Structures are given as C-alpha cells and as structure tokens.
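Order of listing sets the numbers, starting from 1, for every ligand and every atom in it. Everything quoted here is computed from the prediction, not taken from an experiment.
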Amino acid sequence: MKFTPDQFEKETDRLYDELQKAGWSREDCLLITPLTLEINALKKKQDAIILAHSYQTPDIMYGVADFIGDSYGLARKAMEMDCKKIIFCSVHFMGETAKLLNPAKEVLVPSVAGCSLAASITPEDVRKLRERHPDAGVVCYVNTTAAVKAESDASCTSANVVQIIDAMPQDEIIFIPDKLMGINMKKLTKKKIHLWEGTCIVHERFDEEAVKAIREQYPNAKILAHTECNSAIVDSVDMAGSTSQMVKYIAESSDKEFMLVTECGLTDRIKVEQPTKKIVGTCNLCPYMKEISLKNVLKALKNPSDDQKIEISEDIAEKAKKSLDRMFELEKSSSL
Ligand code: SF4
C-alpha cells in the first residue's frame with residue numbers, strides 16, 4: 001500500500017499525540033507509522049474491528065485498536081458492532097470468548113499466545129473434580145479455554161465472581177482455575193469452596209514486602225491490586241478488583257498518585273488516558289500478552305495463518321456458550 005508524505009506526517013502526529021504520554025518519542029512513532037497506516041487502511045477495507053486487551057502495548061492500544069478493555073467486556077462490545085471480522089489483540093482463550101459471543105463473525109488472534117492460568121486445567125480435570133465433589137456446581141473464571149467452559153455450569157469474571165457464586169443454586173462450589181482469586185473470594189462468601197491450583201504468572205509474582213516498601217516511599221499513593229494477587233496483598237491495599245474496576249476507580253478518585261499491582265499495560269493505559277494522575281512503583285509484564293505486535297496484527301489482516309483463525313467445534317461452542325449465558329442470567333437475577 002502506498003501513502004503520501006502528508007498522510008505519513010498526519011499519522012505520526014496522531015500517534016505522538018497519544019504515545020508521548022506513555023514515554024514514546026516522535027522518532028519511535030515515526031518507526032511504526034507505516035504499519036499503523038497499513039493496518040488501519042486494511043481494517044476499513046475488510047470491515048474489521050481491532051480489540052485490544054488493557055495488557056497490550058501502547059502502539060497496539062492507541063495505534064490501531066478500536067476498543068480497549070478486559071476480555072469479556074470487549075467480546076460483548078464486539079456483539080454491538082456491525083462488522084465482518086474481529087482481530088483480538090490478546091491471548092488465545094480471549095479470542096475464543098469473542099468467537100463464542102460472535103459466532104457469525106470471523107475472529108482472529110495475531111499470535112497464538114497461551115496463558116499459564118488457562119493452561120493449568122483441562123476438561124478432563126474438570127470431570128474428575130465433579131466426580132470427587134458430586135454435589136458441587138462448577139464455576140469457571142473467564143480466563144479458561146472454551147473446552148473448559150464447556151464442562152462448567154457457569155462462567156464468571158473477576159468483577160462478578162462473588163455475585164455468581166452466591167447466585168448458584170448449590171451450597172458447594174468448585175471454583176476453577178485461579179487459586180489466589182479463589183482464596184480472596186472465599187472470604188466473601190458463605191459457600192463451601194473447592195479450589196484448583198492454577199495461577200497467573202504475572203500476579204502471583206507480586207510480593208507483599210515490595211508493596212509495603214512502595215507504601216512507605218509514597219505515603220499519599222492509593223494502591224490498587226488485581227484479585228489474582230495473593231491475599232496478603234489484596235487485604236493490604238486500598239482497592240482490589242478487576243482491570244476495568246481499577247480504571248474506573250482512578251478516573252473517579254480525587255487522589256493524584258496511584259500504584260497498580262498488576263500488568264504493565266494497564267499502567268501505560270492510565271498514563272495515556274488519565275495524564276494528570278501519577279503512577280508510582282513497579283508492574284509485571286505478561287510474556288503471553290506481549291507476543292502481540294503490529295507486525296503480527298498486519299499478518300492477521302493480510303495473510304492469516306490457520307492458527308491465527310479462531311475455530312471452535314460446534315459441540316464445545318454450544319456448551320461453552322451456555323456457561324457464559326448462565327453467568328449473564330445469574331448476574332441479572334441476583335441484581336433484581
Ligand atoms: S496476565 Fe497473562 S498469564 Fe495472567 S491471566 Fe492474563 S494472559 Fe494469563
């Protein structure tokens with residue numbers, strides 16, 4: 001594709017306007033301009049939308065994405081969009097969730113990135129857990145494969161986990177696969193909970209002593225943690241919740257300094273979208289999320305490989321969709 005010098009100039013200005021807030025120079029922006037121009041032109045031509053999880057890098061989020069958010073929120077957003085194709089910049093299971101909710105649209109992921117949490121459990125493991133606890137209902141966190149969702153009674157997000165568990169008809173629940181989130185949630189429900197040993201490698205690495213040190217160094221900073229962190233951290237912070245709840249908390253807060261105990265992409269997102277707020281402390285990178293690049297986004301649009309295309313067998317898709325629909329129903333009925 002050919003672009004005029006004027007188009008290059010305008011696109012570099014547009015990128016620099018946003019990305020400088022995340023520390024990018026104009027030269028950095030100039031280097032990615034040919035890619036963002038081509039991706040955005042192809043996106044229009046192919047009637048595609050690009051979704052970016054909040055753990056993506058700023059060039060993806062502000063260079064080419066139409067929407068930024070968490071996986072379930074983005075998959076639902078895509079349902080409202082009149083488009084033929086979805087490019088989901090995230091890990092593989094998130095692409096599957098988008099496909100389950102948008103079966104008539106073509107869904108592609110730029111990289112076949114895995115996830116330590118989703119990989120921790122198989123459908124066979126879920127069947128064995130059911131045999132061991134025959135009276136329990138199974139609730140799975142959305143960070144699971146479609147095949148695992150298909151074996152579960154209901155799905156849940158980090159924002160509604162307690163609400164869904166409390167709304168389930170059983171008094172005993174098998175919660176999969178995130179052990180740390182399960183330990184945090186257990187304190188908030190009266191139900192008997194059986195946990196699985198899965199963890200997110202990004203959030204399990206945070207250490208409460210490091211968070212304490214930041215608290216001492218920045219006594220005015222509000223500290224926010226994802227509920228996939230260990231309970232010593234979750235119990236000690238000012239707010240614990242999902243990525244979208246953290247974004248909302250900071251936007252509505254009159255405080256000026258924050259530490260985010262989560263993936264670095266969210267820190268970049270706050271820097272760009274809420275530039276008057278100061279982010280202190282450290283974050284951790286998700287190596288799976290960071291497999292996405294502008295180059296593999298372009299490949300997904302231009303010449304996608306089979307493994308970039310999300311395909312789910314009819315049988316699994318039908319059962320997994322039921323687990324997502326059940327979450328929706330339980331959420332609705334328990335808020336009445
Ligand atoms: S941050 Fe990375 S490892 Fe953790 S749940 Fe998300 S994709 Fe998986």
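Using a 3.5 Å distance cut-off with no hydrogens or angles, the side chains of K299 and N296 do not pair a donor with an acceptor.
Backbone or side-chain N, O or S atoms of C115 do not reach atom 2 (Fe) of ligand 1 at under 2.8 Å. Coordination check, C200 versus atom 4 (Fe) of ligand 1: passed, since an N/O/S atom of the residue sits under 2.8 Å.
Of all atoms in ligand 1, listed by their number and element, those nearer than 4.0 Å to a heavy atom of Y55 are 1 (S). The contact set between ligand 1 and N143, taken as ligand atoms under 4.0 Å from a residue heavy atom, comprises 5 (S).
By the 6.0 Å and 45° rule, R76 stacks over the aromatic ring of F328.
With hydrogens and angles disregarded, a donor-acceptor distance shorter than 3.5 Å links the side chain of Q7 to the backbone of T4.
For atom 2 (Fe) of ligand 1, the nearest non-hydrogen atom of the protein is C286 SG, 2.4 Å.
Cysteines C283 and C264 have SG atoms closer than 2.5 angstrom.
The pair D268-K21 fails the salt-bridge criterion, with no side-chain N (NZ, NE, NH1 or NH2) lying under 4.0 Å from an Asp/Glu carboxylate O.
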